[in-house]
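Every chain is numbered from 1, with letters handed out A, B, ... down the list of sequences.
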Number of protein chains: 2
Amino acid sequence: MDISRVNTLSYEDFVNNLGNVVEKCPIITAAVWSRRPFESLAALEAAINDFIDALPESGKEGILRCHPDLAGRDLQSGTLTRESREEQARVGLDTLTSVEVSRMARLNEEYKKRFGFPFVICARMNDKETILRQLSERLGNGLEVERARGVEEVKKICRLRLQGLVRNDANNKL
Amino acid sequence: MDISRVNTLSYEDFVNNLGNVVEKCPIITAAVWSRRPFESLAALEAAINDFIDALPESGKEGILRCHPDLAGRDLQSGTLTRESREEQARVGLDTLTSVEVSRMARLNEEYKKRFGFPFVICARMNDKETILRQLSERLGNGLEVERARGVEEVKKICRLRLQGLVRNDANNKL
């Protein structure tokens, strides 16, 4: 659908369609419905980003904590959201060797212990090598840097999810 | 479990156990994990309420929009969260007559059209007669009154869900 169609949706249809553009945070989509109509997909994305930016730091950490580990328990047990499953599969995180799975698990645990939230990265903008390297490198950052960095990655994930759901061509009506 | 056990939980276990005390808003539970340790169940509840109160009005509306209709589509189709299903069943909303279902549906639609969020009430503190009466009466309120009233009901629901999950007796350790 395009943005003009998005603007006609009831809050229920809006949340049903777009509720997981920020992982497991339908409240964010549901909140920005109040700001419709949106002039463009970019305006919808900006409204979401504004809402995130206005949250207290604990709320930003809350968003990060709603994200699954990469190549973690939820992937193994099949309990990822559809969006996360597709994103992790696209970069091959579902076909890691047992050595790679162990390394990822160890680094994820270390990261969570250090920061109190999971390592979040936009998988679709990386490959498994850069993800592992980033995870290792970002472990050396401070808490505030990583919280901000994680939120930036959430916004990149959100942008790609939105682009998969809403056509970016205002002339191309549904 | 009791509050001292709650205070030992990782953010993942905290969110897995308490993530739906505010319907479909695990971000709220995930955010208040930052404020542990909690002295008591009341302190945990207060942290959640503080987080909700600090949200912009759009965020409060977002919370309300994450709630299902009472005796609505999600109940008919079996897609309610476990908590909502139990709460709606407890007051008999799953065994309404077709006349009652129709009346509820009509009033719910009217309410959503008027306010842009669903009618939220703590079902367990009411019965189906008072729920229908309140729905009818609250339709006459203004937007700001209803938004605030809805949020107060969210907090009541949250309190009862918390009490079902966390023992209120600090001497009664798990």
The reported gap from CH2 in A/W33 to CZ in B/F117 (rounded to nearest 0.5 angstrom) is 10.0 Å
For the CZ atom on B/R159, are there more than 12 heavy atoms of other groups (residues, nucleotides or ligands in this structure) within a distance under 6.0 Å? no
Please list, in residue-number order, every residue in residues 133-150 of chain B that has a heavy atom less than 4.5 Å from any heavy atom of chain A; write 'none' if there are none. none
Quick check for you: to the nearest 0.5 Å, what is the distance between A/L55 atom CG and B/F51 atom CZ? 5.5 Å
Hey, quick one: are B/I52 and B/V21 part of the same hydrophobic cluster, counting side-chain heavy atoms closer than 4.5 Å, chains of contacts allowed? yes
So which of B/A31, B/P26, B/S34, B/P56 has the biggest tally of heavy-atom pairs under 4.5 Å with chain A? B/A31
Cluster check A/V154, A/L165: I/L/V/M/F/W/Y, side chain < 4.5 angstrom: yes
Counting heavy-atom pairs under 4.5 Å with chain B, the top scorer among A/K60, A/R65, A/K113, A/K24 is A/R65
Looking at chain B, which one of A/G59, A/C66, A/C25, A/A30 has the largest number of heavy-atom pairs inside 4.5 Å, strictly under? A/A30
I need the A/I27 CD1 to B/I28 CD1 distance, nearest 0.5 Å. 4.5 Å
What I want to find out is whether A/K112 reaches B/E12 closely enough, with some N-O distance under 4.0 Å, to be called a salt bridge. yes
Within one Ile-Leu-Val-Met-Phe-Trp-Tyr cluster: A/V166 and A/I48, side-chain cutoff 4.5 Å: yes
Interface check, chain B: of A/G116, A/A54, A/S10, most non-hydrogen pairs under 4.5 Å belong to A/G116
Under 4.5 Å, heavy atom to heavy atom, which residues of residues 69-103 of chain B contact chain A? B/D69, B/R73
Joint cluster assignment, A/F38 & A/M1, ILVMFWY side-chain distance < 4.5 Å: yes
Consider only side-chain heavy atoms of I, L, V, M, F, W and Y, link residues closer than 4.5 Å, and tell whether B/V15 and B/I157 are in one cluster. no
